[in-house]
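Report on one structure; see the data block that follows.
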Amino acid sequence: MTEYRPETRTVHIPQAPVEGSRPITVPIYQTSGFTFDDPAVMADAMESPSGPFVYARYTNPTVRSLELAVAGLEGGAAAIATGSGMGAINTVLLGLLKPGDHLIAQRSLYGGTAAMLADLAARFGIAVTHVPENDPAALRAAARPETKLVYLETISNPMALVADLPAMCQAARELGILSVVDNTFATPLLCRPIEHGADVVLHSTTKYLSGHTDVVGGLAVFADAGLHERIWHFAIELGAAADPFAAWLVTRGLQTLALRMERHCANAAYLAARLAEHPAVAAVHWPGLPSHPSYELGRKLLPGFGGVFSFDLAGGRAAGERFMKAVRLALLAPSLGGVETLVMHPATTSHRSLTAEELAANGIGEGTVRIAVGIEHPEDLWADVSQALA
Ligand SMILES: *Cc1c(COP(=O)(O)O)cnc(C)c1O
């Protein structure tokens with residue numbers, strides 16, 4: 001470099017060689033592209049999902065670490081990390097579907113996904129039929145020649161319904177259609193949908209996988225390498241790629257996922273049991289309670305139910321509003337899956353535009369509270385929730 005002038009030398013920073021040792025943590029490759037010695041190698045890299053790195057919209061070593069980690073945990077062939085959960089969902093749906101196609105989705109869906117499916121139907125002519133998440137006969141009855149996929153969520157929001165993945169994925173396979181499963185609420189520690197026959201597994205890594213409420217990200221895992229390669233080419237066109245620093249935050253969070261999930265599940269179980277005994281609470285929608293519609297299936301399918309569930313306050317809308325103002329430790333906030341306990345009152349926040357009838361159709365009452373239980377001490381959480389109920 002000494003042969004160059006300062007203007008040139010400031011641009012071309014030498015890279016410290018890392019030889020004879022390796023970094024312990026995943027390095028952040030904060031670079032948009034890679035340089036090559038050989039144009040033929042560069043040309044190959046642009047066509048191969050497992051070839052040399054070329055451009056960060058294709059993937060990047062930090063992003064690839066995250067893709068390899070989650071693909072491995074889910075038992076898939078390969079993954080694509082994206083800039084958000086919705087980015088992963090759209091990469092897969094738009095990559096698989098074309099106008100005139102039909103898809104079958106479970107009735108109870110994450111809000112952003114429900115909005116996206118309505119938009120696909122209205123603007124792209126992709127018809128959608130909704131069926132219950134545990135009814136393979138309804139799935140078979142809804143199928144048409146142009147049906148391409150069934151879309152499921154392992155555990156739903158906010159009622160924590162558990163999808164009958166073995167039965168639904170089996171029915172899909174017999175119909176010759178793909179199964180796409182959003183596994184955000186369960187994480188691969190509670191459920192690996194590919195083991196039950198799913199073709200694609202989706203995550204909002206914003207939630208449990210990162211776990212610290214500091215990043216937005218998504219990921220799609222593919223059971224089959226061929227399908228991954230096809231969607232990888234489309235993902236490059238769509239441009240929903242994950243940023244290296246965001247991917248790094250997810251890998252950092254992922255390292256403690258097992259410990260966090262254990263506490264999320266235990267805390268949620270504890271709060272659900274205490275809430276179920278409280279006179280101000282009319283109902284608790286947690287799959288571990290015999291009153292929950294997914295009680296039997298949940299016990300068969302999942303070793304735990306994560307941290308998100310909902311409960312109905314006997315006092316309706318006014319009680320819901322009062323509860324939100326009264327909590328001190330739990331935070332009134334959207335999202336879930338982080339270490340902090342968050343609460344939300346759908347009737348006055350996320351679903352405020354709906355009438356009581358429309359709320360009911362979504363399985364939400366006027367007094368329904370959704371809680372995303374964090375990893376705090378369970379007695380501190382119960383003290384906060386019970387003082388807010390009083
Ligand atoms: C949050 C969430 C999404 C959307 O993810 P973003 O990262 O917010 O784009 C999709 N599905 C489920 C189940 C979610 O909880």
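Under the 4.5 Å side-chain heavy-atom criterion for grouping Ile, Leu, Val, Met, Phe, Trp and Tyr, Val369 is connected to Leu336 within one hydrophobic cluster. Residues Leu149 and Tyr110 share a single hydrophobic cluster, defined by chaining ILVMFWY side chains whose heavy atoms lie under 4.5 Å apart.
Side-chain contact of Glu67 with Thr59: a donor-acceptor pair under 3.5 Å is present, judged by distance alone. A donor and an acceptor atom, one from each side chain of Asp182 and His203, are nowhere located under 3.5 Å apart. Under the 3.5 Å distance criterion, with hydrogens and angles disregarded, a donor-acceptor pair is assigned to the side chains of Thr256 and Arg260. Side-chain contact, Ser386 with His278: no donor N or O sits under 3.5 Å from an acceptor N or O. Side-chain atoms of Asn267 and Glu376 form no donor-acceptor pair, as typed in the model, at a separation below 3.5 Å. Looking at Thr213 and Glu340, their side chains do bring a donor and an acceptor atom within 3.5 Å of each other. Remark: the His102 side chain and the Thr147 side chain contain an N/O donor-acceptor pair separated by less than 3.5 Å.
Using cut-offs of 30° and 60° on the angle between ring planes, the pair His264 and Tyr208 is perpendicular. The aromatic rings of Phe309 and Phe311 lie tilted to each other, with the angle between the two planes from 30° to 60°.
With Leu209 as the fixed residue, the side-chain contact (heavy atoms from CB on, under 4.5 Å) test singles out one of Thr187, Val215, Leu189: Thr187.
Thr82 places a side-chain N or O within 3.5 Å of a backbone atom of Ala88 that can act as its donor or acceptor partner.
For residues 112-129, every residue pair satisfying the salt bridge (charged side-chain N to carboxylate O under 4.0 Å, His left out) rule, not counting sequence neighbours, is listed here: Asp119-Arg123.
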